[in-house]
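In what follows, a structure is listed as structure tokens, so that the remarks can point back to it.
Keep in mind that what you see is a predicted model, and the values were worked out from it rather than measured. Numbers here simply count residues along the sequence, with the first being 1. Hydrogens, waters and symmetry mates are skipped; everything else that's a heavy atom, side chains included, is used.
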Amino acid sequence: MIRRLIHFLLVALLLSACTGTTSSSAVPTPPITATPEVPSFLLPVGRVTVHSASYTITARNPAQALLELQRAVEKAGGYVDSASFWSGDGSGSYAGLSAQVPPDALPTLSEAVNRLAGQVPNQSVYVQDVTSEILQLQQRHHDLTQAQDQILLFLVNAKDLDRLSTYRILQELLVQELKAVESQLDSYEKQSRLASLDITINQPESLNMPIE
């Protein structure tokens, strides 16, 4: 009886060993690793320009002009960053608008400004080609990334503990510089997509003069 029990246990152990061997011999499924997404500001670029426009105008009713300009900006596919209006007894009123708009919409919005304006004392339109600046920043980002990889490799294999703290400081400085470069590239990308539009609306001085 005991021999039969031992024989049964040996068979069971052999079967379990075979089962374990079979399962372990299966080809493991390689883990799926996602391809790191490259930030859009690091992709190759063609010619990149940034646009801005500013106006100082007069209007009999600055509040109404401000409202119409806000509608024009939204209709053009832009958005208002800030809008303000001020009015005081005997000192007239004025309004201000700051917006981000598609660069192609600037001519249409300029026409809207001129229609609302009694006068246009000041206006400026600014266009700058920033392609070379972006290419330099991208190259700087590449060089900094390579330097960071080399320092990380050193830190992993470091044996000279006296220099370890120095390389860690260098690594921190590289990280800060990389963030600054990425911030500049991101800013240029946003500026190339949307132009800045600033408008100051004053009431004509003749409407502010006291009646004698």
Taking all heavy atoms of [X] and all of [Y], pick out the closest pair and write down the distance.
X	Y	answer
P102	L194	N-CD2, 3.7 Å
L137	V181	O-CG1, 3.4 Å
V113	I57	CG1-CG2, 3.7 Å
S98	D198	OG-OD1, 3.0 Å
V48	S192	CG1-CB, 3.6 Å
P62	A95	O-CB, 3.9 Å

What I'd like to find out is whether the side chain of [X] reaches to under 4.5 Å of the side chain of [Y], using heavy atoms alone.
X	Y	result
Q100	S196	yes
D149	L153	no
H142	Q146	yes
S110	N114	yes
D186	Y188	no
L69	I201	yes
E133	Q184	no

Self-check item: Backbone of P121 reached by a side-chain donor or acceptor of T56 within 3.5 Å
Solution: no
Quiz item: Is a donor on one side and an acceptor on the other found under 3.5 Å between the side chain of Q203 and the backbone of Y94?
Solution: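 No: the side chain of Q203 does not pair with the backbone of Y94.
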Quiz item: Would you say Q128 has more than 12 foreign heavy atoms packed within less than 6.0 Å of its CD?
Solution: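 Check passes, neighbour count above 12.
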Practice problem: Verify side chain to side chain contact (heavy atoms under 4.5 Å, CB included) between V73 and L97, making sure each step is shown before the conclusion. | Solution: CA-CA 10 Å; V73 165; L97 173 73; 4.3 Å; yes
Quiz prompt | Residues S54 and S124: side-chain donor-acceptor under 3.5 angstrom | solution = yes
Exercise. Go through the side-chain N and O atoms of E68 and Q64 and say whether any donor and acceptor fall under 3.5 Å apart.
Key: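 Result is yes, a qualifying pair exists.
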Self-check item: Between CD on residue Q176 and CG on residue L144, distance to nearest 0.5 Å
Solution: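 Going from the CD atom of Q176 to the CG atom of L144 covers 12.0 Å.
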Quiz item: So Q139 and L135, side chain to side chain contact (heavy atoms under 4.5 Å, CB included) or not? Walk me through it.
Solution: CA-CA 6 Å; Q139 182 61 48; L135 293 176; over 6 Å; no
